[in-house]
Colleague: 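Supplied in structure tokens, the structure appears directly below.
All residue numbers refer to positions in the sequence shown, counting from 1.
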Amino acid sequence: MTSAVPEIRVEAGHYIVTYGDLQANFSRLREEAGRQFGGLNGEVSISTTLPGVPPHLHEARINLSSTSGRDTLLKAIKSRVKGGALVETLEDFVEYACVMTLRAFRQGTPLLNLANVTYQPVPFAVEKVFPLDKRCQLYAPAENFKTTLGMAFLQDIATGLPMLGFAVTEGPVAYIDWETDENDASNIWHRLARGRDYPVPDLLYLRAHRPIWEEAESLAPQLAREGVKAVLLDSAFWACGANPNDQEKVGTMFQGIDALGRLTSILLNHTGAAESGKKRRRHYGLEHFRNAVRASWELRKADTPGAEWISLGLYRDKLNMLAPEPPFGFRIRFTPYDGPIYVERDDKTVSATPELDESRPISERVKTHLLAHGMTSPLDLAKALGELPNAIHQAVRRLGNQIVREGNGRTVRYGMAARREE
């Protein structure tokens with residue numbers, strides 16, 4: 001009989017019980033209903049450090065709530081150990097391991113009294129774009145450079161250099177990829193670094209083949225060990241098990257993302273065919289994709305065949321932490337073959353590119369027009385912006401005291417107070 005005290009620790013979803021020279025590692029734990037298999041089910045790996053005994057003893061699926069399940073596990077372990085002092089401790093070990101894991105799993109997380117928590121300003125992984133340690137989404141149609149821009153953001157985080165004009169929280173980054181492979185991913189990553197004229201930073205990569213909730217168990221300890229601060233998930237369709245309109249799969253996907261650990265997740269998503277041609281598009285799949293994230297952004301590309309630089313607009317779909325701001329603009333240039341990829345921040349490109357400008361909020365477009373052209377009637381504003389007069393009046397009301405008026409009724413004209421003060 002051993003005098004050892006059983007101990008349990010939890011690491012990235014694994015419940016590990018040690019008892020002297022014995023260890024049980026429980027994983028993939030799930031509460032299941034039903035008379036025969038009801039209770040806490042999972043997988044267990046039994047090992048030992050006892051000299052003269054093979055380190056691996058047994059691995060199996062087990063119902064931790066079942067007496068017969070524990071007896072079956074005990075019998076299997078005993079068959080691997082031929083006599084000796086170890087046999088005497090096995091019964092206690094199996095009982096301790098199962099019961100301690102049951103209690104720890106069902107104990108959950110204790111309540112927290114927010115009155116005792118010191119408030120801190122909301123931190124960001126990428127200032128004004130991706131909040132730190134939160135779920136985020138970036139969506140666009142295919143071939144709109146979601147992956148390239150997402151990886152450019154990752155390079156800013158990896159290096160701590162705000163090359164895109166946003167302050168960042170520096171730290172290791174990772175890329176979980178269901179769509180391409182390590183060759184395509186390294187091509188973009190290396191070419192982005194060449195475009196910035198610095199050594200290629202580290203990027204942890206996985207070519208995933210299973211939904212994120214199945215990948216998370218092996219990923220979480222690796223991400224924690226490397227101290228990863230941000231992960232790019234490419235893309236939502238595969239991460240949720242290839243059905244973004246299934247509530248159970250989408251919900252389980254976000255649980256899988258949370259299981260990756262405390263980090264910023266950037267989920268790349270697409271837009272549906274029905275969104276084509278709209279001034280503002282909706283992401284593909286259930287509304288829960290938007291509801292479950294703290295930041296959601298639409299990316300739009302201006303189709304300019306033959307242009308050296310391609311203009312992109314990043315439009316806020318959701319960001320709980322900050323007041324609304326105009327969209328952010330970027331320019332991207334691909335040099336031939338394996339040459340550098342250049343990505344630059346240029347907010348003015350949005351208003352300067354008609355295809356991107358029409359997707360800006362109407363109030364922002366009204367401001368830009370009035371600052372450029374001065375006092376303008378509502379009808380002329382509507383004509384210039386391609387909007388209905390009622391939409392112009394609503395935008396003017398939202399702008400409030402930023403607007404000055406001249407005249408009344410049919411003779412009214414609007415201008416910007418800031419322009420008049422100049």
Side-chain angles (χ1 to χ4, degrees), residues 2 4-49 55-81 86-112 135 210-225 239-241 246-263 292:
T2 181
V5 177
E7 297 179 349
I8 186 170
R9 69 182 190 276
V10 182
E11 296 180 357
H14 288 244
Y15 290 72
I16 303 169
V17 179
T18 56
Y19 184 53
D21 295 303
L22 293 163
Q23 178 174 284
N25 186 333
F26 293 92
S27 60
R28 299 184 181 274
L29 294 173
R30 298 286 187 277
E31 292 278 10
E32 296 182 10
R35 295 183 61 183
Q36 183 176 2
F37 302 106
L40 184 63
N41 288 263
E43 297 178 4
V44 63
S45 177
I46 307 295
S47 60
T48 182
T49 58
H56 173 76
L57 294 180
H58 189 61
E59 185 164 346
R61 182 165 180 79
I62 182 176
N63 184 338
L64 286 77
S65 308
S66 168
T67 299
S68 62
R70 298 179 201 173
D71 289 343
T72 300
L73 177 62
L74 178 61
K75 182 179 179 180
I77 299 173
K78 283 183 175 180
S79 70
R80 298 273 295 168
V81 180
L86 181 60
V87 174
E88 301 176 9
T89 68
L90 290 178
E91 292 186 9
D92 287 341
F93 166 64
V94 170
E95 184 70 12
Y96 281 134
C98 291
V99 172
M100 292 177 72
T101 300
L102 267 167
R103 292 175 179 174
F105 185 86
R106 290 174 174 169
Q107 180 181 12
T109 304
L111 290 171
L112 183 67
R135 307 186 202 120
R210 301 175 295 171
I212 188 61
W213 59 86
E214 295 185 10
E215 299 283 6
E217 186 167 351
S218 60
L219 273 172
Q222 298 180 71
L223 297 174
R225 184 169 58 249
C240 74
D246 184 294
Q247 292 185 355
E248 183 176 358
K249 286 186 179 295
V250 173
T252 306
M253 179 197 71
F254 280 111
Q255 290 177 335
I257 291 174
D258 289 346
L260 294 176
R262 190 176 181 85
L263 45 73

Colleague: Can you name the closest pair of heavy atoms from Ala259 and Ala216 and give their distance?
Modeller: CB-CB, 4.0 Å
Colleague: Give the minimum heavy-atom separation between Lys249 and Cys240, together with the two atoms involved.
Modeller: CB-O, 3.3 Å
Colleague: Minimum heavy-atom separation for Ser65 to Leu102, with atom names?
Modeller: OG-CD2, 3.7 Å
Colleague: Can you check whether Arg210's main-chain N or O pairs, donor with acceptor, with Glu215's side chain at less than 3.5 Å?
Modeller: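 Checking the backbone N and O of Arg210 against the side chain of Glu215, a donor-acceptor pair under 3.5 Å is found.
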Colleague: Any chance you could measure Glu59, atom CD, to Ser47, atom OG, to the nearest 0.5 Å?
Modeller: 10.0 Å
Colleague: Nearest 0.5 Å, please: how far is CD in Gln23 from CD1 in Ile16?
Modeller: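 Rounded to the nearest 0.5 Å, the CD1-CD separation comes to 5.5 Å.
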Colleague: Evaluate the side-chain proximity of Cys98 to Ile62: yes if any heavy-atom separation is below 4.5 Å, no if none is.
Modeller: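 Yes, close enough: below the 4.5 Å cut-off.
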Colleague: So does Arg9 pair up with Glu11, basic N to acidic O under 4.0 Å?
Modeller: yes
Colleague: Find out whether Asp71 and Thr67 are in side-chain contact, i.e. whether some heavy atom of one side chain is under 4.5 Å from a heavy atom of the other.
Modeller: yes
Colleague: Are any non-hydrogen side-chain atoms of Ser27 and Glu217 less than 4.5 angstrom apart?
Modeller: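 The answer is yes; the side chains approach within 4.5 Å.
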Colleague: Just by distance, do the side chain of Arg135 and the backbone of Ala292 share a donor-acceptor pair under 3.5 Å?
Modeller: yes
Colleague: Hey, are the side chains of His14 and Phe26 touching, using non-hydrogen atoms and a 4.5 Å cut-off?
Modeller: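 No, side chains not in contact.
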Colleague: Which value, rounded to the nearest 0.5 Å, describes the distance between Leu74 atom CG and Phe93 atom CZ?
Modeller: 10.0 Å
Colleague: Can a salt bridge be assigned to the pair Lys78 and Glu91 using a cut-off of 4.0 Å between side-chain N and carboxylate O?
Modeller: yes
Colleague: For the residue pair Leu22 and Leu90, establish whether any side-chain heavy-atom pair is separated by less than 4.5 Å.
Modeller: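 Side chain of Leu22 against side chain of Leu90, heavy atoms only: contact under 4.5 Å found.
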Colleague: For side chain to side chain contact (heavy atoms under 4.5 Å, CB included), just list the numbers for Ile212 and Leu260, CA-CA rounded to whole Å, side-chain angles, deciding distance to a tenth of an Å, and then say yes or no.
Modeller: CA-CA 9 Å; Ile212 188 61; Leu260 294 176; 4.2 Å; yes
Colleague: Go through it in stages, so that I can follow the logic: the residues are Asp21 and Thr89, the test is side chain to side chain contact (heavy atoms under 4.5 Å, CB included), and I'd like the CA-CA distance, side-chain angles, deciding distance and then a yes or no.
Modeller: CA-CA 10 Å; Asp21 295 303; Thr89 68; over 6 Å; no
Colleague: Is there a donor-acceptor pair under 3.5 Å between the side chain of Arg30 and the backbone N or O of Leu40?
Modeller: no
Colleague: I'd like to check Glu31 versus Phe105 (side-chain heavy atoms, cut-off strictly below 4.5 Å). Are they in contact?
Modeller: yes
Colleague: Rounded to the nearest 0.5 Å, what separates atom CD1 in Ile257 from atom CH2 in Trp213?
Modeller: 10.5 Å
Colleague: In Å, rounded to the nearest 0.5 Å, how long is the span from CZ of Arg61 to CG of Leu73?
Modeller: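 Answer for the CZ-CG pair, Arg61 versus Leu73, is 13.5 Å.
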Colleague: Just how far is it from atom CZ of Arg103 to atom OG1 of Thr101, taken to the nearest 0.5 Å?
Modeller: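 Answer rounded to 0.5 Å: 11.0 Å.
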Colleague: Report yes or no: does Arg28 contribute a side-chain atom to a donor-acceptor pair with the main-chain N or O of Glu43 at less than 3.5 Å?
Modeller: no
Colleague: With a 4.5 Å limit on heavy-atom distance, are the side chains of Arg80 and His56 in contact?
Modeller: yes
